[in-house]
Amino acid sequence: MTSPHNGELPQYLKTTFTDANLTHTFDALPTTIGQWTRRPDLESANGHLGLIQKYYTRTDGKRPLLAVDFDRERPIAKIVNIVPDKGEEDISLPEANRLEQDFVTALRPLLPSTVTIRQQATTLHLCNLLTASTYDLFRFHSANKSTGNSHPNDRERWLDFIKAAAVEGLDDRDEHKDLVRGALLEEGFTERHAKQISDDYVRHMEMAYALM
């Protein structure tokens, strides 16, 4: 479990490219882009997934492999993975983001202006995923941070938050659970109560989606 800092948790960049002719655009690029070189020997078409994959490897020092997935049905591609060279240590999240940004920085000047590049922030807070009113339900659901949310009034307000958050797209995935835990710690809950309430969040979010 990642320890949050000020309620924020580290996130992958999740770079996406959008344009009508992305596959052809990438095929027309130079073989070497900055410190990256294309590896057509590794490329494969995953027809059953509707994807085409292209690979790039660093040309200096260690040789991590970067993969770009191209959707056959939609005009979108995304950087989906950066893996270490054989025998090398796993790549940390900050290092993966640095490598991904290095690739995008080298690639950007070579792309036509019609290509849109989007990236996720490298840190994320629960409040970034919710409207202000729903985040207020979260912030003020408990009258006493030292006792968790066991009081009946606190439970009622907590369930109001769950319902509103589900409508706004939060679910029971680990990423969202960790963001809830991080925000609880920031709001002054103890580690024990933050874990208890974030576990409770998963259970109630599963029920909320079953009723939607």
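Given the structure is predicted, the values throughout are model-derived calculations rather than measurements.
A distance of 7.0 Å separates OH in Y55 from CG in L65, rounded to the nearest 0.5 Å. For the atom pair E100 CD and T105 OG1, the distance stands at 10.5 Å (nearest 0.5 Å). In this structure, the separation between CG on D154 and OG on S142 is 4.0 Å, given to the nearest 0.5 Å. The OG atom of S150 sits 7.5 Å away from atom CD of Q196, with the distance rounded to the nearest 0.5 Å. Here the straight-line distance linking atom CG of L107 with atom CD1 of I33 works out to 5.0 Å at 0.5 Å rounding. The CG atom of L99 lies 11.0 Å from the CD atom of Q35; values are rounded to the nearest 0.5 Å.
Between F103 and Y56, the angle of the ring planes lies from 30° to 60°, which puts this pair in the tilted group. Ring geometry for W158 versus H141: interplanar angle of 30 to 60°, hence tilted.
Scanning both residues, E186 and H125, for their nearest heavy atoms gives OE1-NE2, 2.6 Å. Closest approach of L184 to S198, counting heavy atoms only: CD1-N, 4.1 Å. Of all the heavy atoms in E73 and D71, the pair that sits closest is N-OD1, 2.7 Å. Looking at every heavy atom in both residues, L129 comes nearest to L170 through CB-CD1, 3.8 Å. The nearest pair of heavy atoms linking I82 to A96 is CD1-O, 3.3 Å. Nearest approach of A166 to Y209, heavy atoms of both residues: O-OH, 3.4 Å.
Side-chain atoms of E187 and R139, non-hydrogen and from C-beta on, do get closer than 4.5 Å to each other. Contact annotation: the side chain of T57 never approaches that of W36 to less than 4.5 Å [non-hydrogen atoms, C-beta and beyond]. Put simply, the side chain of R72 reaches to within 4.5 Å of the side chain of I52, judged on heavy atoms. The shortest distance between side-chain heavy atoms of P64 and I91 falls below 4.5 Å. In this structure, P112 and T114 have side chains that are in contact, with non-hydrogen atoms separated by less than 4.5 Å. Contact of the T122 side chain with the P10 side chain is not registered, since no non-hydrogen atoms from C-beta on lie closer than 4.5 Å. The shortest distance between side-chain heavy atoms of I79 and L66 falls below 4.5 Å.
Using a 4.5 Å cut-off between side-chain heavy atoms of Ile, Leu, Val, Met, Phe, Trp and Tyr, with links allowed through other members, V68 and L110 fall into the same hydrophobic cluster. Both I117 and L29 belong to a single network of hydrophobic side chains, linked directly or stepwise wherever heavy atoms of I, L, V, M, F, W or Y lie under 4.5 Å apart. One hydrophobic cluster holds both M205 and L124 under the rule that ILVMFWY side chains link at heavy-atom gaps under 4.5 Å. Both V202 and L137 are part of a single hydrophobic cluster, where members link through side-chain heavy atoms under 4.5 Å apart.
Although no hydrogens or angles enter the test, the distance criterion places no donor-acceptor pair under 3.5 Å between the side chain of T134 and the main chain of L130. In this structure a side-chain-to-backbone donor-acceptor pair under 3.5 Å is present from Y201 to D171.
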Practice item. Decide side-chain contact (heavy atoms from CB on, under 4.5 Å) for R181 and L185; before the verdict, give the C-alpha distance in whole Å, the side-chain angles of both, and the deciding distance to 0.1 Å. Key: CA-CA 6 Å; R181 172 180 161 270; L185 290 172; 4.2 Å; yes
Exercise for review: Give the intermediate values and the outcome of salt bridge (Lys or Arg N to Asp or Glu O under 4.0 Å) for residues K177 and D174.
Suggested key: CA-CA 5 Å; K177 175 187 175 182; D174 288 343; 5.7 Å; no
**Study point:** Trace of the side-chain contact (heavy atoms from CB on, under 4.5 Å) decision for F17 with L111
**Key:** CA-CA 10 Å; F17 308 91; L111 296 175; 4.2 Å; yes
Exercise for review: Determine, stepwise, if the pair T123 / Q11 fulfils side-chain hydrogen bond (donor to acceptor under 3.5 Å, both in side chains).
Suggested key: CA-CA 5 Å; T123 59; Q11 305 289 310; over 6 Å; no
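F161 and Y135 have their aromatic ring centers separated by at least 6.0 angstrom.
If you check the side chains of D200 and H204, you find a donor sitting under 3.5 Å from an acceptor. Side chains of Q101 and Q119: a donor on one and an acceptor on the other come within 3.5 Å.
Salt bridge K163/E168: absent, no basic N to carboxylate O contact under 4.0 Å. The residues R38 and E43 are annotated as salt-bridged, a charged nitrogen and a carboxylate oxygen being separated by less than 4.0 angstrom.
In summary, of the residues considered (N97, V104, V80), a side-chain contact (heavy atoms from CB on, under 4.5 Å) with T15 occurs for V104 alone.
Relative to the ring axis of F70, K54 places its NZ or CZ within 45° and under 6.0 Å from the centre.
For CD of E156, the number of neighbouring non-hydrogen atoms (other residues, nucleotides, ligands) closer than 6.0 Å is 12 at most.
Legend: salt bridge (charged side-chain N to carboxylate O under 4.0 Å, His left out) pairs involving residues 102-127, not counting sequence neighbours, sorted by first then second residue: R58-D102.
Shown here are the salt bridge (Lys or Arg N to Asp or Glu O under 4.0 Å) partners of D160, two or more places apart in sequence or in another chain: there are none.
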